[in-house]
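Written out below as structure tokens is the structure these notes cover.
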Amino acid sequence: MTAITSASAPTTQRFSSPAAGAYLGRIMAAYEHIVILTGAGLSAESGLSTFRDKDGIWSKHNIEDVATPEAFARNPEAVLDFYNARRRVVLGVGPNAGHEALARLEADFPGRVTTITQNVDPLHERAGTRNLIHMHGEILKAACAHCGARQPWETDLSVDLVCGTCNRAGGMRPDVVWFGEMPYQMEEIHAALGTCDLFISIGTSGNVYPAAGFVAGARAAGAHTVELNLEPSEGISMFAEAIHGKATEVVPVYVARLLGG
Ligand code: APR
């Protein structure tokens with residue numbers, strides 16, 4: 001399993017017409033296991049910045065300064081300030097119609113739904129999604145870099161904090177997976193991709209692996225692959241179907257179709 005890295009080389013094609021609608025209607029009923037991958041675009045309309053859009057987080061901060069283990073070793077205050085500011089924003093927002101539609105899908109779909117999110121916000125859970133994998137961690141949790149203990153955390157982190165488990169200071173960090181670190185629950189993720197028959201990617205640019213490679217895994221398992229995103233992602237050529245638009249508009253419509261609405 002590879003650690004988090006970045007990707008290149010897009011081609012685009014589009015497949016959303018009356019024929020696509022009729023085709024979708026015929027095959028919807030047949031699905032048994034839906035896997036959903038979400039990214040920052042799903043939470044954008046809740047007021048959380050994405051990473052690579054024009055005013056995105058990486059247009060204002062360098063990954064090497066705030067989102068690597070090396071940065072934390074070099075200047076922990078700068079890293080903690082960055083995540084403290086993001087945590088405060090996350091605590092002030094709620095789920096949108098996109099999150100709510102996905103929770104409805106999990107609740108009402110007769111088959112299995114597995115949601116894999118790259119997002120570190122709690123908006124899926126707040127909307128009611130339960131079968132959820134936070135592959136990049138959670139900003140409302142803290143982890144100790146010394147002993148690995150993890151716990152819910154909603155206030156600012158600082159280098160003076162002492163870990164309640166190992167009693168050592170200076171190791172408390174956000175429980176977020178940084179570049180170069182292993183994402184969480186990769187075995188569960190690969191098992192889900194290997195058994196899904198519908199894979200839906202929502203609000204992600206397809207720049208970051210291993211998540212950007214999940215569509216290939218789903219295709220290899222014979223799944224129908226769908227991209228719901230504001231614009232074509234880097235991996236658009238891997239998808240059998242794409243519907244481009246805002247998550248709060250396209251996700252509820254697509255979920256309604258899946259539920260036979
Ligand atoms: N509705 C739907 N899609 C949207 C919306 C919206 N309202 N707004 C933006 N998007 C799309 C953008 O077009 C873009 O393709 O969401 C995508 C966001 O892409 P990124 O900013 O690259 O975010 P993401 O793909 O989630 O990043 C992956 O990279 O920085 C790391 O660990 C971080 O989990 C993150 C990972």
Side-chain angles (χ1 to χ4, degrees), residues 13-46 94-119 123-135 188-204 206 211-212 214-233 235-261:
Q13 47 179 292
R14 193 146 178 207
F15 185 142
S16 55
S17 65
Y23 165 78
L24 289 173
R26 268 199 312 281
I27 57 172
M28 285 303 169
Y31 294 128
E32 286 169 12
H33 183 195
I34 302 174
V35 168
I36 298 163
L37 172 69
T38 66
L42 177 63
S43 297
E45 294 162 86
S46 291
N96 60 49
H99 298 102
E100 285 152 8
L102 295 174
R104 207 164 40 249
L105 178 64
E106 183 188 84
D108 299 348
F109 183 68
R112 193 153 62 101
V113 177
T114 303
T115 303
I116 304 164
T117 188
Q118 298 171 85
N119 299 343
L123 301 184
H124 275 298
E125 299 91 320
R126 295 265 170 82
T129 290
R130 293 291 164 263
N131 189 18
L132 178 65
I133 296 174
H134 271 283
M135 70 177 293
E188 289 96 322
I189 290 173
H190 284 298
L193 291 170
T195 58
C196 72
D197 44 23
L198 176 60
F199 176 80
I200 311 173
S201 174
I202 302 171
T204 184
F214 292 171
V215 59
R219 277 177 64 132
H224 179 62
T225 53
V226 182
E227 172 173 282
L228 306 179
N229 206 47
L230 192 61
E231 60 198 357
S233 75
I236 183 66
S237 61
M238 294 294 289
F239 289 90
E241 183 206 347
I243 301 172
H244 295 126
K246 288 182 172 179
T248 56
E249 292 163 10
V250 297
V251 176
V253 170
Y254 201 81
V255 165
R257 269 199 208 165
L258 279 176
L259 294 175

Legend entry - With T117, the side-chain hydrogen bond (donor to acceptor under 3.5 Å, both in side chains) member among T129, T204, T38: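 Answer to the side-chain hydrogen bond (donor to acceptor under 3.5 Å, both in side chains) test with T117 among T129, T204, T38: T38.
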Legend entry - With A44 via side chain to side chain contact (heavy atoms under 4.5 Å, CB included) - residues at least two apart: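 Residues passing side chain to side chain contact (heavy atoms under 4.5 Å, CB included) with A44: T50.
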Legend entry - Set of side chain to side chain contact (heavy atoms under 4.5 Å, CB included) partners for S43, sequence neighbours left out: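 Here the qualifying residues are L48, H99, N119, D121, L123.
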With a 4.5 Å cut-off on side-chain heavy atoms, are [Y] and [X] touching?
{"X": "E32", "Y": "R112", "result": "no"}
{"X": "Y254", "Y": "E241", "result": "yes"}
{"X": "I202", "Y": "L102", "result": "yes"}
{"X": "L105", "Y": "I36", "result": "yes"}

I need the [X] [atom1] to [Y] [atom2] distance, nearest 0.5 Å.
{"X": "L193", "Y": "I116", "atom1": "CG", "atom2": "CD1", "answer": "5.0 Å"}
{"X": "D197", "Y": "Y31", "atom1": "CG", "atom2": "OH", "answer": "7.0 Å"}
{"X": "E100", "Y": "T248", "atom1": "CD", "atom2": "OG1", "answer": "10.5 Å"}
{"X": "T115", "Y": "I200", "atom1": "OG1", "atom2": "CD1", "answer": "9.0 Å"}
{"X": "R130", "Y": "E125", "atom1": "CZ", "atom2": "CD", "answer": "7.5 Å"}
{"X": "L37", "Y": "L228", "atom1": "CG", "atom2": "CG", "answer": "11.0 Å"}

Under the 3.5 angstrom rule, does the side chain of [X] hit a backbone N or O of [Y] as a donor-acceptor pair?
{"X": "S46", "Y": "G94", "result": "yes"}
{"X": "E45", "Y": "N96", "result": "no"}
{"X": "N229", "Y": "G203", "result": "yes"}
{"X": "R219", "Y": "M238", "result": "yes"}

Where is the tightest heavy-atom contact between [X] and [Y], given as atom of each residue plus distance?
{"X": "C196", "Y": "A223", "value": "O-CB, 3.5 Å"}
{"X": "L259", "Y": "R104", "value": "CD1-O, 4.4 Å"}
{"X": "G206", "Y": "A212", "value": "O-CB, 3.5 Å"}
{"X": "G41", "Y": "A247", "value": "O-CB, 4.2 Å"}

Legend entry - Listed partners of E106 passing side-chain hydrogen bond (donor to acceptor under 3.5 Å, both in side chains), at least two apart: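 E106: no side-chain hydrogen bond (donor to acceptor under 3.5 Å, both in side chains) contacts found.
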Inset, instruction - Fit a plane to each ring of H190 and F214, take the angle between them on a 0 to 90° scale, and name the class: parallel (under 30°), tilted (30 to 60°) or perpendicular (over 60°). - result: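 The rings of H190 and F214 stand perpendicular, inter-plane angle above 60°.
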Inset, instruction - Carefully, step by step, assess V113 and N131 under the rule side chain to side chain contact (heavy atoms under 4.5 Å, CB included). - result: CA-CA 7 Å; V113 177; N131 189 18; 5.8 Å; no
Legend entry - side chain to side chain contact (heavy atoms under 4.5 Å, CB included) between L230 and K246, intermediate numbers included: CA-CA 5 Å; L230 192 61; K246 288 182 172 179; 3.9 Å; yes
Inset, instruction - Using the side chain to side chain contact (heavy atoms under 4.5 Å, CB included) rule, take E227 and V215 through it: C-alpha gap first, then chi angles, then the decisive distance, then the call. - result: CA-CA 9 Å; E227 172 173 282; V215 59; over 6 Å; no
